[in-house]
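Structure first, then comments.
One-based numbering, in listed order, for ligands and for the atoms of each.
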Amino acid sequence: MQSKMISTTADLIAFCDAVRHEEFLTLDTEFIRERTYYPQLCLIQAAGDNHFVAIDPLAEGLDLTPFLDLLRNPNQLKVFHAGSQDMEIFFQLMGTVPTPLYDTQIAAMVCGFGEQIGYESLVRELCNGAALDKGSRFTDWAKRPLSDRQIKYALEDVTYLRDVYRALRDRIHAGGRDAWIAEEMAEFADPKKYQADPMEAWRRLKFKSRQPEYLNILRTVAAWRERRAQQRDLPRQRVMRDEIVVQLAALAPESVEDLGELRGGLTGQISNEAQAQLVEEIMAAKLAPKETFPHAPKRSPDVSARASSLLDVMRLLLAQACEEHHVASKLVADKEDLTGLILETLPPDHHLLHGWRYEVFGHLAVDLLQGRVSLCAEKTRHGYQLAIRKPIQGLPGPI
Ligand SMILES: [Zn+2]
């Protein structure tokens with residue numbers, strides 16, 4: 001395999017022209033994000049039917065525009081494996097995500113491969129036992145020049161992906177599951193998922209109080225940190241550690257002097273000016289109308305002791321239904337969904353109650369709760385096995 005690294009705009013345009021009319025492209029990126037807020041893109045790999053390239057985004061004077069335009073082409077499918085981090089990168093570069101999108105990790109779950117199957121295992125399963133070179137996995141992608149081995153390794157992430165994609169696509173089509181995939185990919189391609197909203201940053205923190213007054217300040221401090229991390233392109237923890245954010249919210253300082261009361265103090269990196277700004281934002285938040293204060297996320301409710309065996313039965317029903325349909329159960333429903341079914345707290349538009357999840361499991365779960373379905377043992381040639389007993393036709397269900 002000839003290593004090919006694109007480092008000029010002219011070569012990039014030539015590649016784009018060569019693959020423009022192909023049905024799909026496979027894509028992957030390599031990046032580092034240890035020292036920065038935003039992932040630092042180090043390499044883009046792309047492959048069409050007959051061409052595959054590594055693009056060097058660090059090359060001086062290389063303009064990615066022609067390539068990014070290609071990713072916007074609505075007539076060409078863009079295939080990734082476990083692509084959410086790649087989406088963050090493209091969102092940052094393009095202000096949106098490539099479209100239309102396909103993720104082979106999600107597709108693999110739809111085909112009954114276990115949850116979050118890795119690229120390597122998928123290649124082994126679907127590409128005649130091919131084995132990838134794992135040696136360069138923890139390589140420093142920012143270093144230049146990259147060795148031939150590093151480039152070869154990086155390219156395998158898109159070259160085998162072509163066959164992985166074709167195999168999954170065909171299985172899904174043969175199984176009549178094209179609509180399932182369409183539903184999953186629409187969710188995956190929602191740009192809202194890849195937009196970091198500073199006002200939502202507080203939700204990722206660990207905190208005890210559920211008072212709206214406290215959460216209001218917490219939201220303000222977390223948003224301040226998020227914006228500062230974005231502006232300075234620093235990891236959040238480098239701007240202010242989580243525990244300080246939580247402590248600061250409890251302290252709710254009204255002046256820069258109050259900041260001195262913090263246990264351990266602020267880190268030395270925050271200028272007086274930034275401290276004053278933070279205090280000002282906290283003061284403004286305190287004066288905001290109470291109805292704008294955030295509320296603690298609902299604790300996922302527990303089922304009662306008596307219902308907990310029902311939860312176990314639900315789990316069994318889910319496992320059984322997913323086994324029969326050859327689909328990863330994690331993709332269909334989680335514990336919270338099952339609890340929601342039992343407590344009747346699922347919103348009517350919940351995905352278990354519509355679409356393919358309803359077909360596979362949702363309707364069975366509802367029938368189970370209404371006494372129209374049962375789990376029982378069934379005798380086979382190899383002894384007993386678990387079976388879902390469906391309603392008898394024509395028999396009215398209980399009121
Ligand atoms: Zn990769």
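With a 4.5 Å cut-off on side-chain heavy atoms, Val239 and Tyr37 do not count as touching.
Contact between Ile172 and Asp178 at its shortest, heavy atoms only, is CG2-OD1, 3.6 Å.
Within Asp157, OD2 is the N, O or S atom that lies nearest to the Zn ion (ligand 1). Nearest N/O/S atom of Asp28 relative to the Zn ion (ligand 1): this is OD2. The closest approach of Glu30 to the Zn ion (ligand 1), by N/O/S atoms, is made by OE2.
Atom NZ of Lys335 has 12 or fewer neighbouring heavy atoms from other residues, nucleotides or ligands inside a 6.0 Å radius.
Note on ring orientation: taking the six-membered ring where Trp is involved, the planes of Trp356 and Trp180 are parallel (angle under 30°, cut-offs 30° and 60°).
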